[in-house]
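As structure tokens, the structure follows; a few thoughts come after it.
Because only heavy atoms are used, hydrogens play no part in the values below, and waters and symmetry mates are left out as well, while side chains stay in.
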Amino acid sequence: MSNAPLVLALAIIALVLIYLSPHFDDALRKAYGRWRRRQREAREERERRERLERRQRESPQ
């Protein structure tokens with residue numbers, strides 16, 4: 001009987017986590033999407049600058 005409160009507390013915590021898991025999933029997906037978008041935009045900006053620098057070097061002046 002001495003473990004009953006611990007088991008009850010763990011069961012309640014497990015139920016709360018199961019209940020909130022869709023919310024956690026949505027939040028993680030949104031955060032990952034934002035991170036991917038920032039990475040993609042940074043890469044595109046880097047590539048754009050590289051193309052611009054290449055054109056400036058290649059163009060005779």
Side-chain angles (χ1 to χ4, degrees):
M1 285 299 284
S2 64
N3 288 336
L6 179 63
V7 170
L8 184 60
L10 291 176
I12 291 172
I13 290 171
L15 289 174
V16 168
L17 288 175
I18 290 169
Y19 176 76
L20 293 176
S21 64
H23 172 71
F24 293 148
D25 185 51
D26 289 342
L28 289 173
R29 284 178 189 264
K30 286 179 185 178
Y32 180 67
R34 286 189 300 265
W35 180 79
R36 289 284 308 254
R37 186 170 53 248
R38 280 195 308 267
Q39 295 293 317
R40 183 179 61 243
E41 289 172 355
R43 185 190 73 241
E44 290 171 352
E45 179 64 21
R46 207 171 36 248
E47 291 171 352
R48 186 188 69 77
R49 288 181 184 168
E50 289 171 358
R51 283 193 306 270
L52 183 61
E53 289 173 3
R54 244 182 283 127
R55 279 192 214 131
Q56 289 175 348
R57 283 192 309 248
E58 293 172 356
S59 66
Q61 292 187 10

Side chains of Glu45 and Arg48 in contact at under 4.5 Å (non-hydrogen atoms): yes
Would [X] and [Y] show up in the same hydrophobic cluster when neighbours are defined by side-chain heavy atoms closer than 4.5 Å?
X: Ile13; Y: Val16; answer: yes
X: Leu17; Y: Tyr19; answer: yes
X: Ile18; Y: Leu20; answer: no

Under-4.0 Å salt bridge between Asp26 and Lys30: no
CZ on Arg34 to CZ on Arg36, rounded to 0.5 Å: 14.5 Å
Audit row: Arg54, Arg57, side-chain contact (heavy atoms from CB on, under 4.5 Å) steps and yes/no: CA-CA 5 Å; Arg54 244 182 283 127; Arg57 283 192 309 248; 3.3 Å; yes
Glu47: side-chain contact (heavy atoms from CB on, under 4.5 Å) partners, not counting sequence neighbours: Arg43, Arg51
